[in-house]
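Report on the following structure.
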Amino acid sequence: MSAPAILPARGFADRMTATFWRHPRVLLAILLTPPLLWLGVVYLGSLVALLWQSFYSIDEFSGVVKQEFTLKTYAELLRPSNFDILVRTVIMAAVVTLACAALAFPIAYYAARYAKGHWKAAFYLGVMLPLWSSYLVKVYAWKLILAKEGIIGWAAERTHSSWIIDGLLSIPGLEGSSLSTSPLGTFAVFVYIWLPYMILPMQAALERVPNSMLEASADLGATRGQTFRTVILPLALPGVIAGSIFTFSLTLGDYIIPQIIGNSANFIGMAVYQLQGTAGNIPLAAAFAVVPIAVMLVYLAIARRMGAFDAL
Amino acid sequence: MTAAVEFSNVSRHFGNVKAVDGVDLTIAEGSFFAMLGPSGSGKTTCLRLISGFEKPTGGAIRIFGEDVSNTPPHLRNVNTVFQDYALFPHMNVRDNVAYGLMVKGMGRSQRRAKADEMLALVKLGAYGDRKPAQLSGGQRQRVALARALVNEPRVLLLDEPLGALDLKLREAMQDELKALQKRLGLTFVFVTHDQHEALSMADSLAVFNEGRIAQIGSPQDIYDRPATRFVADFVGSSNVLPPDLTRALGGPAEWASLRPEATRLAASGPVSGRVTALRYLGSGTRVVIEAQGTEIAALVPAGQPVPAEGTTTAIAFDQGALHLMGAA
């Protein structure tokens with residue numbers, strides 16, 4: 001007696017697996033329907049609603065939203081007081097992104113190229129640990145660190161280097177009574193908070209650059225600097241861009257850090273928060289919210305044109 | 001004539017692991033030198049010591065008489081064809097080949113012309129604008145070769161360059177590499193674990209075992225007169241005879257090797273055994289006989305009678321074919 005060529009189905013799971021084998025698309029449909037519903041209806045739907053709102057305007061006397069299509073709200077964005085907010089936010093996001101990239105690269109490079117075993121675990125823990133604690137607690141902790149009586153001020157006083165901080169705080173545009181009330185403080189906290197989002201994609205990208213590629217570059221006569229510019233950077237660029245999308249867009253949208261740290265100058269996020277809340281100007285809030293989306297689209301288009309995704 | 005590469009008592013230890021241990025080696029200028037050995041035998045580490053990706057923990061390495069112990073890879077006038085080719089995926093084929101010239105500061109039009117020239121030499125003249133990902137394995141291998149040769153190195157290092165190719169392509173590339181080496185008159189140092197490749201391509205070769213050189217010599221030397229059991233085992237399909245069997249066959253009580261081509265089947269003789277396996281090779285049949293617990297292979301040329309499996313036959317051999325060797 002030999003075994004049958006076709007084994008009997010043992011139950012429901014066997015029959016389901018057989019069904020999926022005969023109709024591969026069924027499984028795909030089951031898997032994709034919930035996320036597509038979420039993405040399509042809740043996510044994209046609210047985005048479209050937002051866009052829609054931004055083309056309405058508010059009646060300046062009654063404060064009622066006029067449901068007519070107009071570009072008047074967008075024109076309002078160009079008013080000096082509003083335009084300042086846009087410029088300030090975009091500059092801050094750009095500077096924060098550059099600083100994050102500069103700080104993240106050595107860490108990511110070390111983790112991707114040298115860290116093994118326990119050191120790799122220590123790296124992941126070190127990078128992720130700050131993400132486990134509350135964002136608000138961290139920001140308030142930084143307020144204390146950066147305050148005049150904080151540890152930085154104390155250390156500067158003890159080492160007679162307070163003049164460095166005073167000097168920085170007297171630079172036009174960065175003025176403040178202490179680091180925690182200066183745009184420098186806002187910048188420092190942004191960099192601290194978003195740094196992990198730059199390190200992780202960068203490390204993933206650098207890990208995909210095989211060692212033999214770096215050796216080949218040296219073998220062909222390239223210095224470390226040439227290898228960095230012509231091999232490492234182009235190959236890691238998709239990771240850098242991915243990281244910069246996080247740091248750039250998170251800074252563009254944040255409204256808590258500039259509220260707690262810095263000189264209370266308005267940022268896009270804060271403007272949106274105030275406009276939709278106390279002011280009740282939903283159309284202008286929506287128009288403000290469209291700006292980061294537009295900026296990111298322009299940024300990605302430039303990155304693409306520069307060949308950032310060629311190595312993907 | 002100065003040696004192209006010279007190792008004097010070179011070691012490379014990684015902690016307790018002696019990857020390369022006290023190697024002395026001289027590679028003549030213009031020769032095709034193969035480093036043969038199983039994985040972990042130290043052959044690749046030796047290659048990396050020449051290119052500079054490993055630093056010796058002892059001894060001295062000279063390239064054309066110059067001590068390179070303190071010279072980083074980018075200042076050594078040697079180039080490598082990497083095992084995985086290591087082509088830059090974000091550059092097209094022409095820019096890959098021109099890379100070495102670019103980092104040395106050669107102008108764009110000049111280096112592109114040189115790269116195209118070199119691509120033509122490896123028969124890829126029309127592929128300059130493609131990306132490496134659009135090429136086949138054999139084509140990528142040629143690009144890697146062109147990229148190394150365009151720098152006019154004094155020594156070309158090849159790290160298992162044919163390992164990833166299929167058999168037919170590999171044989172074609174072997175002939176081509178050999179021809180290229182002859183034409184350029186360049187010193188090629190070639191790492192491989194494939195004994196046929198090493199024997200058929202090299203002018204001389206070193207057989208590595210556990211970080212040391214087991215034997216160094218011409219392919220004929222190595223194949224006909226293996227110095228140790230390891231070499232006989234690894235290099236050839238040679239039969240390795242223990243001392244008892246050597247004596248039974250009429251030699252002294254020492255380890256010996258006997259090539260299958262020189263092994264004959266006879267009706268009667270001092271040593272006989274049972275035929276355990278037959279393999280038809282076209283040009284003949286390989287017959288394996290088990291005698292006194294040792295398997296002995298004999299090559300029966302086509303046209304001669306082949307014994308059936310399970311039958312008993314005696315073993316004979318050509319005069320002088322028995323080669324005595326050390327036990328190591």
Side-chain angles (χ1 to χ4, degrees), chain A residues 101 105 108-110 112-119 201-244 300-312, chain B residues 44 47-48 50-54 71-92 95-106 111 115 118 131-134 140 143-161 164:
Chain A
F105 187 83
Y109 190 80
Y110 163 77
R113 291 247 152 268
Y114 298 102
K116 300 248 155 42
H118 288 306
W119 287 109
M202 237 188 203
Q203 183 247 356
L206 285 169
E207 212 146 72
R208 282 201 303 266
V209 180
N211 211 30
S212 66
M213 214 132 316
L214 307 187
E215 288 187 346
S217 176
D219 187 78
L220 294 164
T223 61
R224 289 287 169 113
Q226 286 172 321
T227 302
F228 177 76
R229 282 196 308 279
T230 56
V231 179
I232 298 176
L233 203 56
L235 290 177
L237 207 55
V240 180
I241 298 290
S244 68
L300 286 180
I302 294 172
R304 193 193 144 109
R305 178 160 284 203
M306 281 168 54
F309 307 115
D310 288 1
L312 279 185
Chain B
T44 299
L47 197 80
R48 292 170 62 81
I50 303 175
S51 57
F53 295 119
E54 297 290 350
T71 309
H74 73 287
L75 297 178
R76 296 189 187 197
N77 203 356
V78 301
N79 286 114
T80 308
V81 176
F82 288 84
Q83 187 171 12
D84 61 352
Y85 314 139
L87 300 179
F88 305 126
H90 57 297
M91 298 178 195
N92 66 24
D95 289 341
N96 260 286
V97 175
Y99 187 81
L101 305 174
M102 180 194 77
V103 297
K104 287 182 191 86
M106 187 184 281
R111 67 175 188 249
M118 198 46 77
K131 286 282 179 78
Q134 294 168 296
R140 271 181 234 175
V143 176
L145 196 61
R147 187 177 68 171
L149 287 174
V150 79
N151 303 292
E152 299 173 10
R154 304 275 327 250
V155 181
L156 184 74
L157 309 172
L158 303 112
D159 185 7
E160 307 237 4

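Lettering follows sequence order; numbering is per chain, from 1.
Annotation for B:P89 and A:M213: closest pair CD-SD, 3.4 Å, computed over non-hydrogen atoms. Shown here for B:S51 and A:D219, the closest heavy-atom pair between the two residues is CB-OD1, 4.1 Å. Nearest heavy-atom pair, B:V103 versus A:G221, reported as atom, atom and distance to 0.1 Å: CG2-C, 3.7 Å. Taking all atoms of both residues into account, the shortest heavy-atom contact from B:H90 to A:L235 is ND1-CD2, 3.4 Å. Heavy-atom minimum distance, A:S217 versus B:Y99: OG-OH, 2.9 Å. Nearest heavy-atom pair across A:E215 and B:F53 is O-CZ, 3.0 Å.
Note on A:L220, A:T223, A:V231: by heavy-atom pairs under 4.5 Å with chain B, the leading option is A:L220.
Only the side chain of B:D84 comes within contact range of chain A, judged by heavy atoms closer than 4.5 Å. Only the backbone of B:L87 comes within contact range of chain A, with at least one heavy atom under 4.5 Å from a heavy atom of that chain. Of the atoms belonging to B:F88, heavy atoms from both backbone and side chain fall under 4.5 Å from chain A. Only the side chain of B:R48 comes within less than 4.5 Å of a heavy atom in chain A; its backbone stays farther off.
In B:Q83, the CD atom is crowded: over 12 heavy atoms of neighbouring residues, nucleotides or ligands sit closer than 6.0 Å.
Side-chain atoms of B:H74 and A:T227, non-hydrogen and from C-beta on, never get closer than 4.5 Å to each other.
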